[in-house]
Protein chains: 2
Amino acid sequence: MNTPDESLQDEAARAGWLYYVGGKTQDQIAVELGVSRQRAQRLVSRAMAEGLVHVRLEHKITACLELEAALARRFDLCEVRVAPGLGAGGDPNRAIAATAASVMEKYLRRTDPLVIAVGTGRALRASIDEIAPLIADQHRLVSLIGNIAPDGSATHFDVIVRLSDRVRALHFPMSVPVLSDTAAERALFQRLRTTKIVFELAQSADVTFVGVGQMTDDAPLRVDGFKTTDEMTDLRSAGATGEIAGWVFDAHGTYLDYESNARVGSVRVEAGRTAPTIGIAAGATKVRAIRAALTGRILNGLITDEPTAQALLSE
Amino acid sequence: MNTPDESLQDEAARAGWLYYVGGKTQDQIAVELGVSRQRAQRLVSRAMAEGLVHVRLEHKITACLELEAALARRFDLCEVRVAPGLGAGGDPNRAIAATAASVMEKYLRRTDPLVIAVGTGRALRASIDEIAPLIADQHRLVSLIGNIAPDGSATHFDVIVRLSDRVRALHFPMSVPVLSDTAAERALFQRLRTTKIVFELAQSADVTFVGVGQMTDDAPLRVDGFKTTDEMTDLRSAGATGEIAGWVFDAHGTYLDYESNARVGSVRVEAGRTAPTIGIAAGATKVRAIRAALTGRILNGLITDEPTAQALLSE
DNA sequence: CTAGTGTGCGGGCATTTGCCCACTACATGA
DNA sequence: TCATGTAGTGGGCAAATGCCCGCACACTAG
């Protein structure tokens, strides 16, 4: 009746429960479940790895609160969250994921139906993995960005599918190439009725969550194979400072009239929106890009970590 | 500017963050914060002790789901949650606290204003300590039970104050003796306008959370000094099986016409309510009391643990 | 039937953690 | 001024934990 995988998850969940909630040692758990200590240990760490057990900190560190206030003032933001940093070795996406998840949950829990637009990116991906499963089928989730990768696959950019899996909401992925070969090809996709619907929905979103890409050599655009190192150099010399949903902007947060901006298969997040438009991004190399997006009012909300917040504020 | 206590909490929170979210060792945290490892260890455990860090399990164990379904069918309940047991040594209240907290949070997060009535008891107390601080000032919290202890103090029964501290909701404690000396004294209190308001509010509550007291020698009534062992024996021989908010009922869940029921300073939870009326209780000695309350339809919801659920179902 | 592959298990060990204890710094009051 | 108390600190050590490694069992291709 149970698949082996399910009963394994059950066992892992039980071990995690006894360990984290019950405060028992792995030895005691092993005895209780009738397994070896080693298995108990594996179950506990599996419970953690599979995200069965969620840890959340319920205390706003004063230093972070001050940074939030300073950021809100400096860039006139409607929603700011600063997560404590994880120090030198830590992954900044990891640091902000739990915090971003709690902000997203805040919107998901609203009882009035919302249109929630999401972009892509590693930070966003890490964040939705931290969202507690909940039923939020009153909302509509819409993707800002195409889900067809250059090689035809869609797996790497399925942020919205993962999210809707978690919250059972109706979702509208965008069946458009992330980057068309020509502007004409993009125009073709844009004329499709289904694409139009998704575009209009995304543009009228009640709240938008996006990652922010930088233009340094560790840029997502380059790492994910959309640009070569040479192309990145060209972009930089043309003034490119950052990118949101594939649309490249300069140091003032003004979108560039650049060739490839005519081929990206995504909704451009326009500056000066009044609905919450929240960037989820952290890391030293992203600072300039984030500052540009905030300055140009492409974003009116930000979730970041402590060192990034400090860097954003120090001129 | 910071009180020493605040900055200590900040430090503890930061240490807890690095430990639980960042996955660092206490040594690394010690280096990062510039303190000794021992202090880092103390900060981490303080973060846990002060409830700064919350752990919650996001996986329903199949066995518990089955017990929930069986309980809902058997007793026709609108809300059932079964937490995994904590084994022989564990405190059942501890086991159900996290689960109860998440149910209470579900109601607290509702955007429409609710009247939420709460009783008292150890299980309830443990549960509200697990509730994540959130702003829920749209609701009104009302106490079902008086807050004046026999010795005049009020500290031991301040469940509602703790809860409203956490969620910032308007609260209505009941300034009435838990147990008056005479029925006449109680009548006096009942005639007070403020008491009447609280009574009416509590009786019209949209959702009610109560503990369930047993009549065995470890009964809360006896442990807290309201009854002697002899009185308990009398009660039992009169058919008393359990107690909710101080009102004693028999094995069928029918309230007894017992002398001290005329002196308790609390709102009687009437049988057959349609609004969710949820018992939070677990433990082998409470099984008969819980079953009676469910049978008599004093409760139409239950949060308990696995062994208790099993015992309730086995006739 | 057999060798190859791979997945999971328990043994054992280095690292990490929790906690007792003696010590110090500071406050309080005779 | 000095005894006394209290809170916090680090040393040290036993217990708990994480992890590597060799082994066994199952499944597969030849």
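In what follows, chains carry the letters A, B, and so on, assigned in the order in which the sequence lines appear, proteins first and then strands, with residues in each chain numbered from 1.
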(Q) Assess whether a salt bridge exists between Arg122(B) and Asp224(B), defined as any Lys/Arg side-chain N lying under 4.0 Å from an Asp/Glu carboxylate O. (A) yes
Q | Protein-nucleotide distance (Leu33(B), atom CG; dG10(D), atom P), rounded to Å | A | 13 Å
Q. Does a salt bridge link Glu105(B) with Arg166(B), judged by any charged N lying under 4.0 Å from a carboxylate O?
A. no
Q. Has Tyr19(B) got a side-chain N or O lying under 4.0 Å from the OP1 or OP2 atom of dT17(C)?
A. yes
Q. Looking at dG10(D), does its base get a donor-acceptor pair with the side chain of Arg42(B) below 3.5 Å?
A. yes
**Q.** Distance-only donor-acceptor test, Arg37(B) side-chain atoms vs dG11(D) base atoms, 3.5 Å
**A.** no
**Q.** From Arg37(A), Lys24(A), Arg14(A), residue fulfilling salt bridge (Lys or Arg N to Asp or Glu O under 4.0 Å) relative to Glu32(A)
**A.** Lys24(A)
(Q) Categorize Gln38(A) for me: base, sugar-phosphate, or nothing, with a 4.0 angstrom heavy-atom threshold over every strand shown. (A) base
Q) Hey, is Arg73(B) close enough to Glu68(B) for a salt bridge, meaning N to O under 4.0 Å? A) no
Q: Starting at atom CG of Asp27(A), determine the distance to atom C1' of dG11(C), rounded to an integer number of angstrom.
A: 14 Å
Q) According to a strict under-4.0 Å criterion, is Gln26(B) in side-chain N/O contact with OP1 or OP2 of dT16(C)? A) no
Q: For dG18(D), take OP1 and OP2 only and decide whether either is under 4.0 Å from a side-chain N or O of Gln41(A).
A: yes
Q.
Nearest whole Å is fine: how far is dA7(D) P from Arg39(B) CZ?
A. 15 Å
Q. Between Ser36(A) and dC9(C), does any side-chain N or O lie under 4.0 Å from OP1 or OP2?
A. no
**Q.** Nearest-angstrom distance from the residue atom CE of Met48(A) to P of dC19(D)
**A.** 12 Å
